[in-house]
Amino acid sequence: MNVPVDVVVMAAGKGTRMKSRTPKVLHRLAGKALVGHVLDCAAQVGARRAVVITGHGADQVEPAVAAWGRAGLALQCVRQEPQLGTGHAVQQAAPALPDDGVTLVLSGDVPLTQPDTLRALLTLCDGQHLALLTLDMPDPTGYGRIVRNAAGDVQAIVEHKDASDAQRAITEIYSGIMAVPTRLLRGWLARLDNRNAQAEYYLTDVVKFAVADGVRVLGHRISDALQVAGVNSPVQLAELERAYQRRLANGLMADGVRLADPARIDVRGTLQCGQDVDIDVNCVFEGAVTLGDGVRIGANCVIANARIEAGAVIHPFTHIDGEKAGVSVGAGALVGPFARLRPGAQLGAEVHIGNFVEVKNSTLAAGAKANHLAYLGDATVGERVNYGAGSITANYDGANKHRTVIEDDVHVGSNCVLVAPVTLGAGGTVAGGSTITKDTPAGALSVARGKQVSIPNWKRPQKAPKG
Ligand code: UD1
Ligand code: CA
């Protein structure tokens, strides 16, 4: 396609059936706003510009659109006040559309259209024809019908409310997506009127103008209804979510990933997997997640923005979120069950992080272990360190964060408080229950705890007798 593509995204409608204060196009599918899916698709077909028509909830939709920005795609919002129909919506966008391009009309609430489908539609349009994406629907109630003549040429789109009984029997419907040479569109938009059952300016009336002007109208009929399905209610949103996830799961399995149950995985972002990856039920992946060869993910894990190297095992109920800083888990590491890895956790090979252990902004070298009930924040942990149950780094003095350095082969006993900044010298041992406020020498046993006091013949308080 040599002709530049400019996209119009219709997003002014109210979406009453969502029964939500959030504008319809900002509801999320697979973790991303519906309109974000549409704009991503526009970017994938190489669009030059996207003009988003806003109206209901514009003050929320416009900042969301602005924040979405992608290199190479100029973004602009145009308000439609009041909303007088789809033709009126595109009329508002027309001044922003250069004459040398093809306009691709999309809806902000139709998230699952495939870029290949739009490419095929654009190829059909070929910079000179009017191309409509159509579909056969067993129950076409409510949709615009594609009216063809005896030769099969498209003559008009007739809205359900304006259709005769014979026209209502037509099952081929207009999806709401068209590709049209912009200079032709501009002329047709100027000719729209609202003399119809809904007193609206129908975009679909451009078809009859094209026919009158001798411009070919071509239908691209697809069979996959999901690609043109809109979201109008929470039920439809959930249905599309499950359909999206099922497709994604099928794709993963086609690549050899073993899913315990393809109906019980949610990917809200990108999940890249090596060979022989096993994923148990009810796992959620967010942002960018990479799983190396042979990685196993137990049931009920939530993993976001993380890189898990080959052979690592994430046991059930583990929560990993790297946010911006990311999390990395080294080859052969064992994490969980019930572990929490926060931004900047970098675990080396064969590291063990056990139940109720939290790691934040800390590097653990190969073979380090924290197996139970512990906190490592802002720490640099050497190889083979053993970090005992109940031990924490006191990394925050109320104003600043400080680092704790635990050199290779240190053993930290149970219930230790390491008050940062502090360095534990290589090979040393910290006795259980110690509060360490000063650096410890390499190889030494360091003990820092109060003396035990025992009071003889002490009487435990007794409960008062009842009544
Ligand atoms: C439209 C088509 C119909 C098609 C159907 C597919 C027209 C006249 N009809 O009907 O042929 O079968 O889509 O779903 O185009 N919108 C605005 N401003 C407006 C009106 C609508 O931005 O003034 C937006 C809506 O937010 C929505 C899209 O345009 O994203 C479609 O509007 P909707 O009211 O759903 O169109 P339908 O009447 O369903
Ligand atoms: Ca609709």
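Counting starts at 1 for both ligands and their atoms, following the listed order.
Looking at ligand 1, you'll find an N or O of Gly85 within less than 3.5 Å of one of its N or O atoms. Between Tyr174 and ligand 1, at least one N/O pair is under 3.5 Å apart. Polar contact with ligand 1: present for Met10 (N/O pair, distance under 3.5 Å). Checked against a 3.5 angstrom limit, the closest N/O atoms of Ala12 and ligand 1 fall inside it.
In summary, the atoms of ligand 1 found under 4.0 Å from a heavy atom of Tyr202, numbered by their order in the structure, are 8 (C). Per-residue contacts place Thr204 under 4.0 angstrom from the following atoms of ligand 1 (heavy atoms of the residue considered): 7 (C), 8 (C), 9 (N), 11 (O), 15 (O). Within ligand 1, counting atoms from 1 as listed, the ones closer than 4.0 Å to a heavy atom of Asp109 are 30 (O). Atoms of ligand 1 lying under 4.0 Å from any heavy atom of Ser107, numbered from 1 in the order shown and given with element: 28 (C), 30 (O). Atom numbering of ligand 1 starts at 1 in the shown order; those under 4.0 Å from a heavy atom of Glu159 are 2 (C), 3 (C), 7 (C), 8 (C), 9 (N), 10 (O), 11 (O). For ligand 1 and Gly144, the ligand atoms under 4.0 Å from any heavy atom of the residue are 3 (C), 4 (C), 11 (O), 12 (O).
The environment of CZ in Arg216 is sparse: at most 12 heavy-atom neighbours from other residues, nucleotides or ligands sit within 6.0 Å. Annotation for Gln275: atom CD does not count as buried by contact number, only 12 or fewer foreign heavy atoms lying within 6.0 Å.
The shortest heavy-atom distance from Gln80 to ligand 1 is under 4.0 Å. The closest approach between Gly230 and ligand 1 stays at or above 4.0 Å for every heavy atom of the residue. Residue contact annotation: Ile173 has no non-hydrogen atom under 4.0 Å from ligand 1.
Only the backbone of Leu84 comes within 4.0 Å of ligand 1, judged by heavy-atom distances.
Listed here is the closest heavy atom pair of Thr404 and Ala420: OG1-CB, 3.4 Å. In this structure, Gly219 and Thr134 approach most closely via the heavy-atom pair CA-CG2, 4.4 Å.
The residue from Gly87, Gly108, Ser175 that puts a heavy atom closest to atom 6 (C) of ligand 1 is Ser175.
His402 and Asp378 form no side-chain donor-acceptor contact under 3.5 Å, judged by distance and modelled atom types alone. Side-chain atoms of Thr380 and Thr363 include no donor-acceptor pair closer than 3.5 Å. Remark: the Asp162 side chain and the Asn196 side chain contain no N/O donor-acceptor pair separated by less than 3.5 Å. Using a 3.5 Å distance cut-off with no hydrogens or angles, the side chains of Asp116 and Gln114 do not pair a donor with an acceptor. Checking Asp136 against Thr171 by side-chain atom types alone, a donor-acceptor pair falls below 3.5 Å.
The side chain to side chain donor-acceptor pair (under 3.5 Å) contacts involving residues 20-44 comprise Ser20-His27, Lys24-Asp109, Lys24-Asn232, Lys32-Asp40, Asp40-Trp68, Asp40-Arg70, where partners must be two or more places apart or lie in separate chains.
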